[in-house]
Number of protein chains: 2
Amino acid sequence: MDHREPSSLHARIRDAILRLDLAPGQRLSERGLEPEFGASRTPIRAALMRLESEGLVRRDARGWAVAPIDLDEIRAISEFRETIESAAVRLAGIRASREDLEALLDLASSADSVETPENSLVTGTSFHLELARLSGNEYLRTAMEGVMTRLYRTRWLEVQSVESRERVHAEHEALVAALLVGDVTGAERAATSHLRGTESRLVESLQGSRLRLRANGIPVEGGRA
Amino acid sequence: MDHREPSSLHARIRDAILRLDLAPGQRLSERGLEPEFGASRTPIRAALMRLESEGLVRRDARGWAVAPIDLDEIRAISEFRETIESAAVRLAGIRASREDLEALLDLASSADSVETPENSLVTGTSFHLELARLSGNEYLRTAMEGVMTRLYRTRWLEVQSVESRERVHAEHEALVAALLVGDVTGAERAATSHLRGTESRLVESLQGSRLRLRANGIPVEGGRA
DNA sequence: GATACCATATTGGTATACCACACCGCAGCC
DNA sequence: GGCTGCGGTGTGGTATACCAATATGGTATC
């Protein structure tokens, strides 16, 4: 690290996991993380417990491990997400002000989200999180946050190609456009088809890259196909 | 407690909160809980952190406090719950086996759930949790668990009258009955109207008992009415 | 050569000492 | 009499020592 570290320990370990610096499935030990993150066991333990509740880290009889990427889990989360997101769209359609929606459109239209995978990932996350916030329901927002966190690592695959990034970009814009003209059912439909397309492409890439990921030492569990 | 304590520290503090032995809003200190629960700060701290992630305890600049009961939050959770529950019913209608549904009907029909407030509370919680489990989606189940936990304390009010308990009992039976004959939309409708009725009665009782609760030193925040 | 056993290192779990900060009350000064 | 400053007390945050359980690897024996 060449600059100071303003983030909390939790945020730093979280980022290491989300950026795949800590590989899925990798075992972690509290003492082993001490030198790496320059903290003692107590705060590291606290961070791990919080990460456990966010689904990024697991604890078993043998100790801690970075949560593996599991195809069946991805499918279940995607299904859950569909519920959350369509409720969020519906409520946002009722409650969001025009200014809110225009700000959301700005976010969705942000051109540089297409430029790099990381931009696309970050902007896409913000978009869905902001949409959930506009539902006016804090619990929907929190649920969406959990979903985005749990899907983040696999979405690295989704944003690799510029075509994918452009498609996501366009679908986000279309969704907000529908909301802006008061077409809530259209927006819901746009959200659902966006998610279904995204999920199937995600699962496909994941299946396609299982061998590659495994070759890099990243275990990929589950998956019927 | 007249019997040994097999439960984890987390479960014991959780129960104390849910049974209102620890009052909503009450401040907690890590050292203060040591003698009360016979553990040292480290595990108490761990339990508090977990309870924080479950929404039963809060942390602010001044320290820890039992989460207050807030009318606006109840409304938001109820709205969130409607989303979760109707998705759960729909998926359970698709995926649950006949045996699963019959077991659920047994649970819903259990006569002693009407007898005492505590029975009604416990059985009702199990019912909705089991229903969510039958959705086959672990994330829906977890979300339902969070919802039931957050609503548990206010539901003490709902289960006071025998009429309430009987009504809940009947509505649960009707919901499963609809699922058993394959009437998924009917079951969804039953769930939604059940929740809406429950919520409005809940909020009403809560408003009605604000003064009483406050008189007992239990703070009740929020509420437009 | 295989197997059983024992020493050891590593794990998370717990207890506790110390720290910095913040609030509160009392006392002394203006 | 009121205001200001200072000390005491209580808070969570951190570091660390110790414990029990377990996995592991090497060695000795059969």
Side-chain angles (χ1 to χ4, degrees), chain A residues 1 3-17 21-68 70 142 217-219 221, chain B residues 1 3-17 21-68 70 142 217-219 221:
Chain A
M1 297 289 170
H3 53 287
R4 284 172 299 97
E5 301 160 358
S7 305
S8 68
L9 177 62
H10 161 261
R12 287 195 294 141
I13 301 182
R14 183 173 181 274
D15 286 353
I17 294 174
D21 291 338
L22 294 174
Q26 177 179 342
R27 299 214 69 90
L28 303 173
S29 85
E30 298 173 357
R31 286 176 178 90
L33 293 172
E34 282 190 39
E36 197 161 347
F37 289 92
S40 74
R41 275 186 73 199
T42 309
I44 283 179
R45 210 176 149 69
L48 288 175
M49 287 189 286
R50 187 164 160 201
L51 290 166
E52 183 186 22
S53 78
E54 298 174 31
L56 292 181
V57 145
R58 305 228 171 128
R59 180 166 24 186
D60 61 26
R62 311 218 0 239
W64 301 95
V66 178
D70 183 301
T142 303
I218 301 178
E221 315 287 341
Chain B
M1 298 289 170
H3 52 286
R4 284 171 301 98
E5 300 159 357
S7 305
S8 67
L9 177 62
H10 161 262
R12 287 196 293 142
I13 302 182
R14 182 173 182 274
D15 285 353
I17 294 174
D21 291 339
L22 294 174
Q26 177 180 342
R27 299 215 68 89
L28 303 173
S29 85
E30 297 173 358
R31 287 175 179 88
L33 293 172
E34 281 190 38
E36 196 160 348
F37 289 91
S40 74
R41 274 186 74 198
T42 310
I44 283 178
R45 211 177 148 69
L48 288 174
M49 288 189 284
R50 188 164 160 200
L51 289 166
E52 183 187 22
S53 78
E54 299 174 35
L56 292 181
V57 145
R58 305 230 171 127
R59 179 164 27 184
D60 61 26
R62 312 222 355 244
W64 300 96
V66 179
D70 184 300
T142 303
I218 301 179
E221 316 287 340

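Convention: sequence-line order gives letters A, B, ...; per-chain numbering from 1.
Looking at every heavy atom in both residues, B:A11 comes nearest to B:S7 through CB-CB, 3.8 Å. Among all heavy-atom pairs drawn from B:L9 and B:A39, the shortest one is CD2-CB, 4.0 Å. Annotation for A:I13 and A:A47: closest pair CD1-CB, 4.1 Å, computed over non-hydrogen atoms.
When each of A:R31 and A:P43 is assigned the nucleotide of DNA chain D with its nearest heavy atom, A:P43 is the one assigned upstream, toward the 5' end. Take the nearest nucleotide of DNA chain C for A:T42 and for A:L48: the residue whose nucleotide is more 5' is A:L48.
Remark: the backbone N or O of B:R41 is not paired with any side-chain donor or acceptor of B:R31 at under 3.5 angstrom.
Looking at B:D21 and B:R12, no side-chain N of the basic residue comes within less than 4.0 Å of a carboxylate O on the acidic one, giving no salt bridge.
Taking every nucleotide of DNA chain D with any atom under 4.0 Å from a non-hydrogen atom of chain A, the first and last of them, 5' to 3', are D:dT14 to D:dC18.
Across residues 55-65 of chain B, not one residue has a non-hydrogen atom less than 4.0 Å from an atom of DNA chain C.
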Would you please test A:R50 and A:R14 for side chain to side chain contact (heavy atoms under 4.5 Å, CB included) and show each step? CA-CA 10 Å; A:R50 187 164 160 201; A:R14 183 173 181 274; over 6 Å; no
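If you take CZ of A:R27 and C1' of C:dG12, they are 11 Å apart, rounded to a whole angstrom.
Across all strands, A:I44 comes closer than 4.0 Å to no nucleic acid atom at all (heavy-atom distances).
A 4.5 Å side-chain heavy-atom check between B:M49 and B:W64 finds at least one atom pair inside the cut-off.
At most 12 non-hydrogen atoms from other residues, nucleotides or ligands lie less than 6.0 angstrom from CZ of B:R62.
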